[in-house]
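No experiment lies behind these values; they were computed from the predicted model shown. What you see below is based on every heavy atom in this structure, not just the backbone, and it leaves out hydrogens, waters and symmetry mates. Order of appearance sets the numbers: ligands from 1, and atoms from 1 within every ligand.
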Amino acid sequence: MHDIVILGGGSGGYATALRASQLGLSVVLIEQDKLGGTCLHRGCIPTKALLHAAEVADTAREGEAFGVRSTFDGIDMTKVNSYKDGVIGRLYKGLQGLVASRAITYVEGYGQLVAPNTIEVNGERYEGRNIVLATGSFARSIPGLEIAGRVMTSDQALTLDYVPQSVIILGGGVIGVEFASVWRSFGVDVTVIEGLPTLVPAEDASVSKAMERAFRKRGINFKTGVRFQSAAQDDSGVNVTLESGETLRADLLLVAVGRGPRTEGLGYEAQGIAMDRGFVLTNERLATNVPGVFAVGDIVPGLQLAHRGFQQGIFVAEEIAGLAPLAIDETGIPRVTYSEPEIASIGYTEAQAKEKFGDVESYEYNLGGNGKSQILGTAGFIKLVRQKNGPVVGVHMIGSRVGELIGEAQLVYNWEASPEDVTPLIHAHPTQNEAFGEAFLALAGKPLHAHA
Ligand SMILES: Cc1cc2nc3c(=O)[nH]c(=O)nc-3n(C[C@H](O)[C@H](O)[C@H](O)COP(=O)(O)OP(=O)(O)OC[C@H]3O[C@@H](n4cnc5c(N)ncnc54)[C@H](O)[C@@H]3O)c2cc1C
């Protein structure tokens, strides 16, 4: 009998294993495919490598504006892929080494929950005083839309060995806009279709609007508030029909309509675990209704992000070890969309904050007044939302590289700091980070490089 048996070696599962082994618990980690899961092999890391290659392409294209003679001669997808795969390979090796260096029994194979405390893999049974379900997610499609050939999800799009001439992207959420951004930088004619009224609809309304402006400027086409009806492919392309009757044609159709929980046929329901539309239900301590069974990562309803999985994994390991960790505040999880421009946010949008707290104040500091942003030639803003005379309850940013600024935002939000608390803290000049200081100063009633 082990202390913990974990099903799934992605962000949530391996974080549980690493923390549990640190705490001296005996751990079994079961993975059918590659340690690291979606994030490392088909998610966060490969997409960000492509986005970096896209940034390099833009830099080459825009060199003249900075007085640097450079030309953009095109994309060699074989080399882009080998750069991307090199990054993944190094991180994969590092992670394998980390797991191997700990007292973790790593089991390769497809596991199923066959009793509330037992997972079976290749006919072998692993019993645990605690079970952690961490089987992750898969790219969803739309009913009737088959993923094949020119109709693909992010899984296939990440392995393309050529640059298409034109692409239609179904879904204007995080994954959709990241691919739109990469392909546009690679010279592709891109059209995003989004059923809701704006791109990145989960973001603060002012950020969604700014994103649309930026995409328009970049020549990325998008149609919002329109619904997809059907798609048909032939030898040379895909025809997409919208409910309005309008048809569009492109080389490829990327389906980026969200990710479903990978829980079917794994024995969860059979063992009496409460589920909702395939997701595993937990309380705030990540315990399911079956004693001793926990769940982490994308199978738990909420934000599907790698760092949420890491934190949940650490939490569950500590919970099992009896450390009684603090429950995770889901609104305190930072969110970054790594397109050009980037979007980064934490806490409540202004509309949500108004609904929750009633009286709120907000302030938008325009990056136009920020020296480093001017140097980079980026536009955008940092928007702070605070409770009237109280703490900052939302931070919303858009602009090149603002993802790197989320660290300060998450400290301020999670420490429930008010602008007055943080204005004495000095920001280095000239950094983009400084824009935070300016926004805090303005909200505290003493703007420096901004109008009141
Ligand atoms: C294109 C894309 C880009 C993304 N970008 C980001 C980003 O920039 N930042 C971010 O935070 N998040 C990003 N994500 C989301 C992130 O990848 C997920 O939130 C994260 O991987 C979830 O971790 P997980 O452990 O829940 O599941 P997964 O990483 O999916 O891992 C689950 C693991 O369980 C294994 N498994 C499943 N069933 C079984 C079984 N029966 N037996 C054995 N093993 C099994 C799977 O093989 C898999 O390895 C992105 C996702 C995608 C698709």
* Hey, what's the ring geometry for Phe436 with His427, parallel, tilted or perpendicular (30° and 60° as the breaks)? -> parallel
Atoms of ligand 1 close to [X] [distance to a heavy atom under 4.0 angstrom, numbered from 1]:
X      : value
Ser11  : 20 (C), 21 (O), 23 (O), 25 (O), 29 (O)
His307 : 11 (O)
Ser154 : 1 (C), 53 (C)
Gly10  : 25 (O), 29 (O), 31 (O), 33 (C)
Gly297 : 26 (O)
Leu266 : 41 (N)
Tyr110 : 40 (C), 41 (N), 42 (N)
Gln304 : 15 (C), 19 (O)

With rounding to the nearest 0.5 angstrom, report the [atom1] to [atom2] distance, [X] to [Y].
X      : Y      : atom1 : atom2 : value
Leu145 : Phe228 : CG    : CZ    : 4.5 Å
Arg19  : Leu323 : CZ    : CG    : 6.5 Å
Ile30  : Gln112 : CD1   : CD    : 11.0 Å
Ile333 : Asn414 : CD1   : CG    : 9.0 Å
Thr288 : Ile273 : OG1   : CD1   : 5.0 Å
Leu50  : Asn81  : CG    : CG    : 7.0 Å

Answer side chain, backbone, both or neither: which part of [X] comes under 4.0 Å from ligand 1, heavy atoms only.
X      : result
Gln112 : neither
Ala134 : backbone
Arg308 : neither
Ala139 : neither
Ile175 : side chain
Glu178 : neither
Thr47  : side chain
Leu7   : side chain
Leu158 : neither

* **Identified side chain to side chain contact (heavy atoms under 4.5 Å, CB included) partner of Ile193 from the options Val240, Asn221, Val257, Thr224** => Val240
Would you say ligand 1 has an N or O under 3.5 Å from any N or O of [X]?
X      : answer
Leu305 : yes
Ala306 : yes
Gly12  : yes
Tyr338 : no
Gly111 : yes
Lys48  : yes

What heavy-atom pair brings [X] and [Y] nearest, and what distance separates the two atoms?
X      : Y      : value
Val290 : Gly272 : CG2-O, 3.7 Å
His396 : Tyr348 : NE2-O, 2.7 Å
Glu194 : Gly172 : OE1-N, 2.7 Å
Ala134 : Val296 : CB-CG2, 3.6 Å
Ile328 : Phe315 : CD1-CB, 4.0 Å
Arg150 : Asp234 : NE-O, 3.4 Å

Could you tell me the residue and atom name of the protein heavy atom closest to [atom], and the distance to it rounded to 0.1 Å?
atom                    : answer
atom 34 (O) of ligand 1 : Gly8 CA, 3.2 Å
atom 53 (C) of ligand 1 : Arg259 NH1, 3.3 Å
atom 2 (C) of ligand 1  : Gly43 CA, 3.4 Å
atom 4 (C) of ligand 1  : Cys44 N, 3.4 Å
atom 26 (O) of ligand 1 : Asp298 N, 2.8 Å
atom 48 (C) of ligand 1 : Glu31 OE1, 3.4 Å
atom 29 (O) of ligand 1 : Thr38 N, 2.9 Å
atom 37 (C) of ligand 1 : Arg262 NH1, 3.1 Å

Between [Y] and [X], do the side chains contain a donor N or O and an acceptor N or O under 3.5 Å apart?
X      : Y      : result
Ser345 : Glu203 : yes
Arg218 : Ser181 : yes
Glu340 : Ser400 : yes

* Hey, are Lys372 and Glu434 close enough for a salt bridge, meaning a charged N less than 4.0 Å from a carboxylate O? -> no
